[in-house]
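Here is how names work: the chains are called A, B, and so on, in the same order as the sequence lines, proteins then strands, and each is numbered from 1.
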Amino acid sequence: MRSVIDIKELSVSEIDELVSVAKDIIANPEKYAHKCEGKKLATLFFEPSTRTRLSFEAAMYELGGNVLSMASAASSSASKGESVADTAQVISCYADIIAMRHPKEGAPMVAAMNASIPVINAGDGGHNHPTQTLADLLTISREKGRFDNLTVGFCGDLKFGRTVHSLISAMERYEGVKFVLISPDELTVPDYVKRELDKKGIPYVETTDLTAVMPELDILYMTRVQQERFFNEEDYLRLRDSYILTPEKLENAKSDMIVMHPLPRVNEISVAVDRDPRACYFKQVLNGKYMRMALILKLLGL
Amino acid sequence: MNIDSIKNGIVLDHLTPGKGMEVYRLLGLDRLDCHIAIIKNAPSRKMGKKDIIKIADDIALDTEVLGYICPGATVNIIKDGKNVEKKKMSLPEKLVNVVTCHNPRCITTTEQELPQIFALTDHERAEYRCIYCETLAKN
Ligand SMILES: [Zn+2]
C-alpha cells in the first residue's frame, strides 16, 4: 500500500496529477462530495498541531468520508509505551488511511512500514511535511500558472526551515527555476542542499539583503525565525527584525510577485502586507486542504 | 609470523589495519564455532600494513558490510587449497545495525527495537544517511 512520507517520493507527473485533481475539486466540489463515503481517515497526532489536523479532517469530510481522531497524545497508548509499529497495525484494523504527526523524525515512516493502509506524514518533528509542500505547489500553480522559469526567493531561517528544503527539492526539478536564498549568515541553507543544487547545475545565489534582490523575484517565500535556534536572545531579536517584510520593502517588487509563508507567522510579515494582492499565505492554507483531498483520493485509489 | 594456509574456507584480505576485531564482531564470527585466525598489522606491499581474517570452514557469510568498514577489502573463497573466487568489496547500499543514529530527535532513540538502517546517499563521498531521519552517519 502506497504511503507519502517525503515529497521527494512523488514524481513530477504525480504532482501534476494531484494539482489537476485539486483544481478539478475547486471547480466541481459536488463531483467529489461523496467520493469517500464509507471511508475513514484516522488522524494520529502525537503532538498538537490543530491547524494541520483540522485541514486533514476538513478534507476528509468534504469528500464525504469520516474521521477517527485520537483524543490527545497524552491519553493515547503511546504514553503507555506502545510502539509506533504496533499503533500502526492496530489502527489499520479500524481505518482506511492514516494521517500521522509525531515529534520524532521518521515515526511516520515506521508507521508506513508496519501499517496495511496508506500513511500520510503530517509532519515529523522538524523533518518532513509533504502536505505543506503540496499546498505550496498548488498555490504556485494557481497563482503563477506554471512551475518552470520562476525565480524563487526564500527568506529567513533557511538552515532549519524544513518547508524551504522540501520546496527546493520539489521545484528544482523544473526547467529554468532559479533560487535566491536570503538569510543571515547564521541561518544559511545547509551545505548538502547546496551540493545537490551544484550537482544538478541549478542556479542559486545567497544573500543577506532582501531589498536588493526583491525586483528579481517571482515568488518570495518567507519563513519564521524561531527563538529556540539561538543561544542568546540578543542574536535572535537582531536577526528576527532584520528580515521583516513590510509594504515599503514590497515597493520595488514585481507587480505579479507572490508572497508565501507556511504560517503561523510571528512578525516576519507585517500585518499591513495582508492587504496587498500579492499576499498569498492565507490562500496557501485553503490550497492545503484541496491538496490533502487530492492526496487522500489518490492513496485510496478513488 | 607464519599462519597455515587454509584448505577450504574464506580469507578476508586487505582489511584496514586495526579493523580486524571490528570486522570479526560485525560479521558475527564471534558467534561461530569454527577455526578462525585474525592477523593484525601484516605487512602489505600495497597498504603498508593490513589485517587479515582466515576462516577455515566452508560457511555462508554475508560480507557486504566489509565494503563500508574496510574500503578495498577482498573476499577470497578457498576450495581445495585454491583461490576460486576473489571479490573486491564495494560500498553496500544499506547498512543494517552497523552504525547508530546520533540524532536525538530520531525515532530510533525512543524505539530502540527498531533496526538501525543507513542507506548510501552519495556514492562519491561515501555518505550514508539514517533512513528514518536522514541524519548523516558519523565515522
Ligand atoms: Zn535517525
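- The closest donor-acceptor contact from the side chain of B/D62 to the backbone of B/E64 lies under 3.5 Å.
- Side chain of B/D51 to backbone of B/N41: a donor-acceptor contact under 3.5 angstrom is found.
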Between chain B and chain A, donor-acceptor distances below 3.5 angstrom:
{"residue": "B/N103", "atom": "ND2", "partner": "A/E105", "partner atom": "OE1", "Å": "2.9"}
{"residue": "B/P104", "atom": "O", "partner": "A/K104", "partner atom": "NZ", "Å": "2.9"}
{"residue": "B/R105", "atom": "O", "partner": "A/E105", "partner atom": "N", "Å": "2.8"}
{"residue": "B/R105", "atom": "NE", "partner": "A/E105", "partner atom": "OE2", "Å": "3.0"}
{"residue": "B/I107", "atom": "N", "partner": "A/E105", "partner atom": "O", "Å": "3.0"}
{"residue": "B/T109", "atom": "OG1", "partner": "A/K104", "partner atom": "NZ", "Å": "3.4"}
{"residue": "B/E111", "atom": "OE1", "partner": "A/V84", "partner atom": "N", "Å": "3.3"}
{"residue": "B/E111", "atom": "OE2", "partner": "A/V84", "partner atom": "N", "Å": "2.9"}
{"residue": "B/E127", "atom": "OE2", "partner": "A/R195", "partner atom": "NH2", "Å": "3.0"}
{"residue": "B/C133", "atom": "O", "partner": "A/H127", "partner atom": "NE2", "Å": "3.4"}
{"residue": "B/E134", "atom": "OE2", "partner": "A/H127", "partner atom": "NE2", "Å": "2.6"}

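- In this structure, the side chain to side chain donor-acceptor pair (under 3.5 Å) partners of B/N83, at least two apart in sequence or on a different chain, are B/N76.
- For residues 14-32 of chain B, the set of pairs meeting the salt bridge (charged side-chain N to carboxylate O under 4.0 Å, His left out) definition, not counting sequence neighbours, comprises B/K19-B/E22.
- Using a 4.5 Å cut-off between heavy atoms, B/L114 touches chain A through its side chain atoms alone.
- Partners of B/D13 by side chain to side chain donor-acceptor pair (under 3.5 Å), not counting sequence neighbours, listed by chain and number: B/K50.
- The heavy-atom pair separating B/G67 from B/L91 by the smallest distance is O-CD2, 3.5 Å.
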